[in-house]
Amino acid sequence: MKFKTILVHLDHSDRSPARAALAARWARVHGSHLVGLLPTGTYDGVIPADAIPTGMTDFIAESADYLRRRAEAISREFREGIAATGILPYEVRLVDGATIDAVVQHGHASDLVVLGQDDASSATDVSVHGLAGHVLMEVGRPVLIVPSAGQFEGVARNAVVAWNGSRESAVALHAALPALRCASRVTLVSFRHPNEDDDDRQPSIADMLQFLSRHGIHATFERNITDIDVADALLSRVSDLGADLLVMGGYGHSRLRELVLGGVTRQILAKMTVPVLTAH
């Protein structure tokens with residue numbers, strides 16, 4: 001089990017180059033083919049107010065031309081970034097469809113989808129809000145979400161896995177196995193409030209650690225009791241451990257375009273400080 005095809009979403013946001021660079025580093029380590037997926041924005045793009053000169057007779061045609069030129073510039077930057085850092089099998093796909101649909105469709109033929117965290121600071125210049133949440137619920141592949149701030153230099157070496165014995169946490173753990181094999185430290189953590197009992201439906205921790213060991217992953221486990229919100233406690237523990245990756249299940253469901261994320265998932269995606277690898 002490997003990430004043989006990694007797809008990264010490219011756009012005109014300030015964080016797109018950092019996201020692409022991280023995806024390229026992961027692709028090199030995992031021996032992957034990297035796909036840079038670049039929706040042109042024809043259906044859901046944002047055009048700055050001063051991008052089209054006033055007085056143009058065909059605003060629609062000029063807008064389409066602007067979006068195409070912008071996409072081609074992003075593509076050049078992506079290609080130049082890869083060329084500057086060594087040989088890597090890759091391709092760029094420019095697509096005109098709606099961003100969510102395009103990422104989901106092309107993500108189906110990938111082993112890992114790399115997306116960016118929603119960034120409120122660029123709210124006026126981002127075409128799709130909630131992209132990561134929508135894609136997570138629909139793509140059926142693990143998703144690596146890159147924070148909107150911070151520098152992340154390569155594959156994870158110190159990973160935290162949020163474990164509560166649920167289907168979602170089991171799916172995410174299994175999806176993350178290729179990444180966890182690259183880490184030198186893996187810690188499974190669980191949290192419960194003081195008035196909650198342990199879930200006796202969980203497999204024994206010994207079984208889980210043995211499962212990981214068979215995949216060449218040495219992991220440890222810690223059980224925590226907290227009085228604060230689980231999402232805050234989890235992020236605090238990630239910081240305390242100096243982790244550079246969080247693996248957690250994607251909780252929620254979607255009906256058509258009505259997306260509902262579980263509370264912990266929603267809070268983590270809003271407050272994340274390290275890349276989050278998740279699956280649903």
Side-chain angles (χ1 to χ4, degrees), residues 1-11 13 15-40 44 74-75 78 81-82 88-95 97-119 126-148 152 154-156 159 168 171-180 182 245-254 257 259 261 265-266 268-269 272 274-280:
M1 179 180 174
K2 296 182 179 179
F3 298 136
K4 299 306 295 180
T5 302
I6 296 178
L7 181 143
V8 58
H9 169 239
L10 306 175
D11 61 13
S13 67
R15 289 292 291 179
S16 184
R19 183 166 65 248
L22 182 62
R25 294 184 192 107
W26 277 54
R28 285 191 172 89
V29 169
H30 291 282
S32 314
H33 178 82
L34 181 63
V35 178
L37 183 70
L38 179 49
T40 62
D44 53 16
I74 297 169
S75 174
F78 176 70
I82 291 177
L88 176 69
Y90 78 95
E91 63 182 285
V92 181
R93 298 178 189 170
L94 271 67
V95 294
T99 298
I100 293 174
D101 295 336
V103 175
V104 170
Q105 177 186 353
H106 290 266
H108 287 161
S110 306
D111 297 298
L112 179 69
V113 177
V114 183
L115 304 173
Q117 178 191 23
D118 272 4
D119 185 3
V126 174
S127 58
V128 179
H129 298 288
L131 176 64
H134 281 289
V135 172
L136 171 62
M137 292 296 104
E138 299 182 30
V139 73
R141 295 291 185 271
V143 176
L144 179 68
I145 305 169
V146 184
S148 59
F152 309 99
V155 296
E168 288 84 357
V171 168
L173 176 63
H174 191 268
L177 289 176
L180 297 179
C182 295
L245 178 70
L246 172 61
V247 176
M248 64 173 293
Y251 299 84
H253 67 275
S254 63
R257 280 288 182 258
L259 177 68
L261 288 176
T265 304
R266 184 173 58 253
I268 293 294
L269 295 188
M272 57 191 288
V274 299
V276 174
L277 199 160
T278 184
H280 176 72

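From a predicted model like this one, the values you see are computed outputs, not experimental measurements.
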Could you check if a side-chain atom of [X] sits within less than 4.5 angstrom of a side-chain atom of [Y], using non-hydrogen atoms only?
{"X": "Gln117", "Y": "Val146", "value": "no"}
{"X": "Val276", "Y": "Ile268", "value": "yes"}
{"X": "Leu22", "Y": "Val114", "value": "no"}
{"X": "Leu180", "Y": "Leu173", "value": "yes"}
{"X": "His134", "Y": "Val103", "value": "no"}
{"X": "Phe78", "Y": "Val8", "value": "yes"}

What pairs with Phe152 under ring-ring contact (aromatic ring centres under 6.0 Å, His included), at least two apart in sequence or on another chain?
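ring-ring contact (aromatic ring centres under 6.0 Å, His included) check on Phe152 returns nothing, list empty.
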Of all heavy-atom pairs between [X] and [Y], which one has the smallest distance, and what is that distance?
{"X": "His106", "Y": "Leu7", "answer": "CB-CD1, 3.5 Å"}
{"X": "Ala179", "Y": "Leu245", "answer": "CB-CD2, 4.3 Å"}
{"X": "Cys182", "Y": "Val155", "answer": "CB-CG2, 4.4 Å"}
{"X": "Ala172", "Y": "Val247", "answer": "O-CG1, 3.7 Å"}
{"X": "Val92", "Y": "Ser75", "answer": "CG1-OG, 3.6 Å"}
{"X": "Thr5", "Y": "Ala109", "answer": "CG2-O, 3.8 Å"}

Please report, to 0.1 Å, the donor-acceptor pairs under 3.5 Å made by any side chain of residues 29-36, with sequence neighbours excluded.
from, atom 1, to, atom 2, distance (Å)
Ser32, OG, Phe3, O, 2.2
His33, NE2, Glu91, OE2, 2.8

What is the distance from atom [atom1] of [X] to atom [atom2] of [Y], rounded to the nearest 0.5 Å?
{"X": "Arg19", "Y": "Leu144", "atom1": "CZ", "atom2": "CG", "result": "10.5 Å"}
{"X": "Thr40", "Y": "Asp11", "atom1": "OG1", "atom2": "CG", "result": "12.5 Å"}
{"X": "Glu138", "Y": "Gln105", "atom1": "CD", "atom2": "CD", "result": "12.5 Å"}
{"X": "Leu115", "Y": "Leu136", "atom1": "CG", "atom2": "CG", "result": "9.0 Å"}

Passes side-chain contact (heavy atoms from CB on, under 4.5 Å), Thr265 versus Met248? Steps please.
CA-CA 8 Å; Thr265 304; Met248 64 173 293; 4.1 Å; yes
Partner residues of Val274 under the side-chain contact (heavy atoms from CB on, under 4.5 Å) criterion, sequence neighbours left out
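Val274: side-chain contact (heavy atoms from CB on, under 4.5 Å) contacts with Val238, Leu246.
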Under the side-chain contact (heavy atoms from CB on, under 4.5 Å) rule, collect the residues that match up with Lys4, sequence neighbours excluded.
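Expected list: Lys2, Asp111.
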Arg15: partners by side chain to side chain donor-acceptor pair (under 3.5 Å), with sequence neighbours left out:
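Side chain to side chain donor-acceptor pair (under 3.5 Å) list for Arg15, sorted by chain: empty.
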Just by modelled atom types, is the Leu112 backbone N or O under 3.5 Å from a matching donor or acceptor in the Arg141 side chain?
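Such a contact is absent between Arg141 side chain and Leu112 backbone.
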